[in-house]
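None of the values given here were measured: they were computed from a predicted structure. Chain A is the first sequence line, chain B the second, and so forth, proteins listed ahead of strands; every chain is numbered from 1.
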Protein chains: 2
Amino acid sequence: MQPDYHDETSGCLRVSEMLGRIANKWTLLIVRELGDGPKRFNALRRDIGDISQKMLSSTLKTLERDGIIIRDVTPTTPPQVEYSLTPLGRDMQAPVNALAEWAMRNADTMDASRNRFDMRNHA
Amino acid sequence: MQPDYHDETSGCLRVSEMLGRIANKWTLLIVRELGDGPKRFNALRRDIGDISQKMLSSTLKTLERDGIIIRDVTPTTPPQVEYSLTPLGRDMQAPVNALAEWAMRNADTMDASRNRFDMRNHA
DNA sequence: CTGGATCCTTTCAGATACTG
DNA sequence: CAGTATCTGAAAGGATCCAG
């Protein structure tokens with residue numbers, strides 16, 4: 001039996017918990033980057049641009065734990081590690097890309113709104 | 001002149017910046033709740049369930065600043081304050097709901113993956 | 001090349017108390 | 001009812017050094 005998603009109490013807390021896991025910028029950016037195909041650690045680091053190695057490795061670990069990505073190690077010297085989306089991760093791509101694209105489309109609008117808001121409140 | 005969204009460097013930093021603004025659970029939960037129509041402060045607080053009044057008021061302020069919601073005050077006693085989505089906010093609803101629904105649909109899958117992962121790593 | 005371990009600073013977020 | 005102010009602990013995040 002499935003849990004009741006429409007329950008007014010536990011359902012909301014559940015959404016809250018799950019969004020707490022996936023709704024952060026590093027997670028969304030990584031899933032987005034891996035949409036193009038498997039990538040290695042430093043390729044991800046370079047393509048995302050402003051992520052520290054610590055945040056990248058810790059976020060990747062969490063994503064692997066949640067079954068969203070797979071970590072493939074080829075034990076050569078130097079070792080090669082490739083990250084790719086699982087079926088679950090690929091299923092996640094559509095909503096993630098939709099949100100990211102929305103953000104890009106409306107970036108200027110939001111910036112303008114911020115400027116007006118800050119102006120009104122003589123910041 | 002518009003910024004170049006397709007530039008490989010600044011474009012990525014721009015996505016990163018915008019996702020840093022909107023990709024957090026309180027923002028998504030509030031936008032989701034306001035999808036049903038305008039709501040008042042304590043109604044939001046009750047419906048979201050586990051949000052503190054501090055986080056609610058500060059997140060609402062940020063959302064108003066970014067032009068995603070509107071704050072309407074009716075100066076009665078006691079005062080009535082109603083929050084509602086702007087056109088921008090309504091446009092944001094689709095991607096937000098898509099991500100939230102994905103999270104709910106796959107909550108159990110992610111939980112199971114976590115359990116297996118933690119088991120393998122004898123946590 | 002792919003990280004782990006550590007240190008340090010900043011930000012987030014809850015609890016509590018108070019105001020118009 | 002709808003918040004603000006303050007205090008405090010937890011978590012995020014960067015910098016640096018080190019290792020397989």
Handout entry: Phosphate OP1/OP2 of C:dC1 contacted by A:Tyr83 side-chain N/O (<4.0 Å)
Key = no
Problem - Toward the 5' end of DNA chain D, by each residue's nearest nucleotide, A:Thr59 or A:Pro79 - result: A:Thr59
Problem - A:Lys25 or A:Pro78, whichever maps to the more 5' nucleotide of DNA chain D - result: A:Lys25
Exercise for the section: Taking the side chain as every heavy atom from C-beta outward, state whether A:Leu44 and A:Leu34 have any pair of such atoms under 4.5 Å apart. Expected result: yes
Practice task
May I ask you to test the A:Lys39-A:Tyr83 pair for a side-chain heavy-atom distance under 4.5 Å?
Solution key: no
Completion exercise
Outermost contacting nts on DNA chain D, any atom under 4.0 Å from chain B heavy atoms, listed 5' then 3', are D:dC1 to D:dC7
Completion exercise
In whole angstroms, the gap separating P of C:dC1 from CG of A:Leu44 amounts to 14 Å
Exercise for the section: Round to the nearest Å and state the distance from A:Met55 atom CE to C:dT9 atom P. Expected result: 19 Å
Problem - CA sep, side-chain torsions, deciding dist, call: A:Asp111, A:Arg116, salt bridge (charged side-chain N to carboxylate O under 4.0 Å, His left out) - result: CA-CA 9 Å; A:Asp111 277 345; A:Arg116 266 179 283 116; over 6 Å; no
Handout entry: C:dG14 base / B:Gln53 side chain donor-acceptor hit below 3.5 Å
Key = no
Exercise for the section: May I ask you to say what A:Gln80 touches in the nucleic acid, namely base, sugar-phosphate or nothing, with a heavy-atom cut-off under 4.0 Å? Expected result: nothing
Exercise for the section: Would you classify A:Arg45 as touching base, sugar-phosphate or nothing, given that sugar-phosphate means primed atoms plus P, OP1 and OP2, and contacts are heavy atoms under 4.0 Å? Expected result: nothing
Exercise for the section: Return the value, rounded to whole Å, for the distance between atom CG of B:Leu56 and atom P of C:dC12. Expected result: 16 Å
Practice task
Using atom CG of A:Asp72 as one end and atom P of C:dC1 as the other, report the distance to the nearest whole Å.
Solution key: 19 Å
Exercise for the section: Grab the CG-P distance between A:Leu60 and C:dG3 for me, whole Å please. Expected result: 7 Å
Exercise for the section: Using only side-chain N and O atoms of B:Asn24, determine if any of them is under 4.0 Å from OP1 or OP2 of C:dC12. Expected result: no
Exercise for the section: State whether B:Ser52 places a side-chain N or O below 4.0 Å from either non-bridging phosphate oxygen (OP1 or OP2) of C:dG14. Expected result: yes
Exercise for the section: Please assess A:Asp66 against A:Lys61 for the test salt bridge (charged side-chain N to carboxylate O under 4.0 Å, His left out), listing each intermediate value before the final yes or no. Expected result: CA-CA 9 Å; A:Asp66 286 336; A:Lys61 197 180 299 178; over 6 Å; no
Exercise for the section: Please list, chain by chain and in numerical order, all residues satisfying side-chain hydrogen bond (donor to acceptor under 3.5 Å, both in side chains) with B:Arg90, sequence neighbours excluded. Expected result: none
Practice task
Would you indicate what A:Lys61 reaches in the nucleic acid, counting non-hydrogen atoms under 4.0 angstrom: base, sugar-phosphate, or nothing?
Solution key: sugar-phosphate
Practice task
With DNA chain C as reference, determine whether A:Ser57 or A:Lys54 sits nearer its 5' end, using the nearest nucleotide of each.
Solution key: A:Ser57
Practice task
Compare all side-chain heavy atoms of B:Ser16 with those of A:Lys25 and state whether any distance is below 4.5 angstrom.
Solution key: yes
Exercise for the section: Please tell me if the side chains of B:Trp26 and B:Ser58 come closer than 4.5 Å, counting only heavy atoms from C-beta onward. Expected result: no
